[in-house]
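The model shown is predicted, which means the values in this text are computed figures rather than measured ones. Both ligands and their constituent atoms are indexed starting at 1 by order of listing.
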Amino acid sequence: MLDYKKLAPAILFIFGGSGDLNYRKLTPALYNLFLDAAMPDQFRIVGIGRSEFTDTDYKKHLKEGIDQFSRKKADAESWKNFSTHLDYIKMDINEKTHFEKLASVVSEQEKKYGVHPNIVFYMAVAPQLVPVIVKHLSGLAFCHDTKTARIVVEKPFGHDLESAREMNHMLLQYFEEDQIFRIDHYLGKETVQNILALRFANAMFEPIWNRNYIEHIQITASETVGVEARGSYYENAGALRDMIQNHILQLLCMIAMEPPVSFNSNEIRNKKVDVLKAIRRISFDQVQEYAARGQYGPGWVKGKQVPGYRQEKGVDAQSNTETFAAVKFFVDNWRWQGVPFYVRTGKRMRVKSTEITIQLRRAPSYAFPKEAIETWRPNRLAIGISPERDIMLRFQAKRPGQSVVLSPVDMVFNYKNAYNGEEPEAYETLLYDVMDGDATLFMRADQVEAAWEIVMPIINAWQNRKLLDFPNYSPDSWGPEDAEALIARDGHNWISQYS
Ligand code: BG6
């Protein structure tokens, strides 16, 4: 069982209680926290939605979600105990008076608990519904208790820099920054959090973690799935907004940030914002040099025919939306000057893999005989984020035998072997942290805006210049040729440990 400290009583109100996110992620995560004795001794989880549900039907619906998506399966006894903490409220978010129902839940529980609980409002709804909910919540007195009331906002956080600023402005009108928890689920992944341990709890990496030893860095987040049922959302988003503006830039920050002086949430986030501020801004005219895009066509995956992006439901038949994006970033500071960070992400690619590669400069080989160095490779540190969770260090070794023949070997740390697969899902960690009031793994307003600033020139250029060769990559491939060219121009090639 995982180890957690006990939390104060809490009430979680989940707007979008009958929706997909709650069904697939939130309730399964809360259930697993419950099984790990990480939920407070006293808590309620109140789903809020427009659909009609009896108490029994709502619980039955959530149980189905657990059976399908939970890390641990529900046994009858535990489920029965957990489900006594669940409620459902049908309400219309446009009706201010309906919000009084929440106030009655709070005062009722407060009496039972004998203390004022932590209160979490989770916005598991479409972003356009958030403003009206937030406005009506602000009419409830207990929302102004900045120590106990918290609001969780899901991505997408804005559609561009301007709308993200508006969203921040709107939220900050009603809540303090410390009360706002903007989710980026990548930050909840164990392997992502471990980057800080790897870098700052070991003496051997930090001294070489800079431009003197590192040649370049790659981040890949490839998926084998297409856009599935999310065509109408994706059509207005694209790979750059969906993955790079948030998840990938956050991974880049973890790799590039300076050592924090403490693990205080603002200290960590300050250090990450510094990275975002140091990322070189590119002009509209430089976009072609720094970025490449792609869109998948129809084809075959493992003997099965799959539609192209333009044939997916909710997608324009002439769509200009990218389902693949690759960008070369530079972090213009003392540590990273001149080191390229190549990032790429795409749907319908050959493997599902999020991984980071730190490629070191070549060691000098002059002392070895010519034949020995034919397979000479630079050292490499590869961090598997998901689904493979491992860290691999590649170095040269001498093959056994009389002659000196060198070849690279890999030293691997694997989470599954080391920890018996006992790892919380990202949403477990994030929900626990919200109840605990710890915002380290959440996005602050300035982080979100800085990340938008970085991608805006690319978004603008791609919107204004339609690519005539879309679709330009086949399913089950590594994306378009332009992405290969982007990295090949610098004499490198894309790396995946898992292909
Ligand atoms: C989401 C994107 O934020 O992340 C999805 O909207 C994507 O399009 C998903 O599939 C990937 O997450 P993970 O954890 O499977 O890498």
Side-chain angles (χ1 to χ4, degrees), residues 16 19-22 24-26 28-29 68-71 123-127 152-159 164 181-195 219-252 254 293-296 301 306 309 312-315 319 321-325 343-356 383-390 415 423-431 441-443 447-448 451-452 455 475 479 496-498:
D20 212 40
L21 182 68
N22 189 30
R24 286 167 177 259
K25 299 280 183 193
L26 305 183
Q68 271 186 72
F69 300 107
S70 171
R71 185 163 65 85
M123 303 292 119
V125 292
V152 183
V153 188
E154 269 288 339
K155 75 175 272 268
F157 198 90
H159 184 69
F181 288 68
R182 299 172 191 80
I183 289 238
D184 183 317
H185 79 277
Y186 266 52
L187 297 182
K189 292 179 191 269
E190 275 295 326
T191 42
V192 174
Q193 294 171 60
N194 190 47
I195 295 172
I219 303 178
T220 292
S222 60
E223 296 184 88
T224 49
V225 291
V227 291
E228 305 194 295
R230 295 162 78 225
S232 43
Y233 150 75
Y234 201 89
E235 181 64 353
N236 292 308
L240 199 61
R241 285 189 176 92
D242 190 47
M243 294 291 292
I244 294 186
Q245 185 273 340
N246 37 61
H247 309 319
I248 290 187
L249 280 178
Q250 284 304 307
L251 293 181
L252 192 155
M254 303 287 275
R293 58 182 151 160
Q295 188 188 74
Y296 64 83
V301 177
V306 293
Y309 176 67
E312 304 273 16
K313 206 166 151 244
V315 171
S319 176
T321 301
E322 82 284 356
T323 58
F324 173 98
V343 310
R344 61 176 172 167
T345 184
K347 300 273 185 198
R348 280 269 185 258
M349 293 177 65
R350 174 130 336 134
V351 292
K352 160 96 178 145
S353 170
T354 301
E355 56 188 294
I356 302 171
I383 305 174
I385 301 292
S386 77
E388 295 305 332
R389 296 184 299 274
D390 50 25
Y415 277 71
E423 283 164 60
E425 286 279 341
Y427 273 94
E428 293 172 42
T429 305
L430 296 172
L431 282 161
L441 302 179
F442 294 81
M443 306 282 289
Q447 279 178 292
V448 175
W452 275 116
V455 297
S496 172
Q497 289 304 114
Y498 313 105

Checklist entry - Should the pair Y427 and H185 be assigned to parallel (<30°), tilted (30 to 60°) or perpendicular (>60°) ring geometry? => result parallel
Checklist entry - Does E355 use its side chain to pair, donor to acceptor, with the backbone of T220 at less than 3.5 Å? => result no
Next on the checklist: Looking only at side-chain N and O atoms, does T321 offer a donor or acceptor that is under 3.5 Å from a partner on E235?
Outcome noted: yes
Next on the checklist: Checking side-chain polar atoms at under 3.5 Å, does Y186 have a donor or acceptor matched by the opposite partner on N246?
Outcome noted: no
Checklist entry - Where is the tightest heavy-atom contact between V125 and G16, given as atom of each residue plus distance? => result CG1-N, 3.6 Å
Checklist entry - Does Y234 reach the side chain of R241, with side-chain heavy atoms less than 4.5 Å apart? => result no
Item to check | Those protein residues which place at least one heavy atom below 4.0 Å from ligand 1 | outcome: K155, H185, Y186, K189, E223, R230, D242, M243, H247, K347, K352
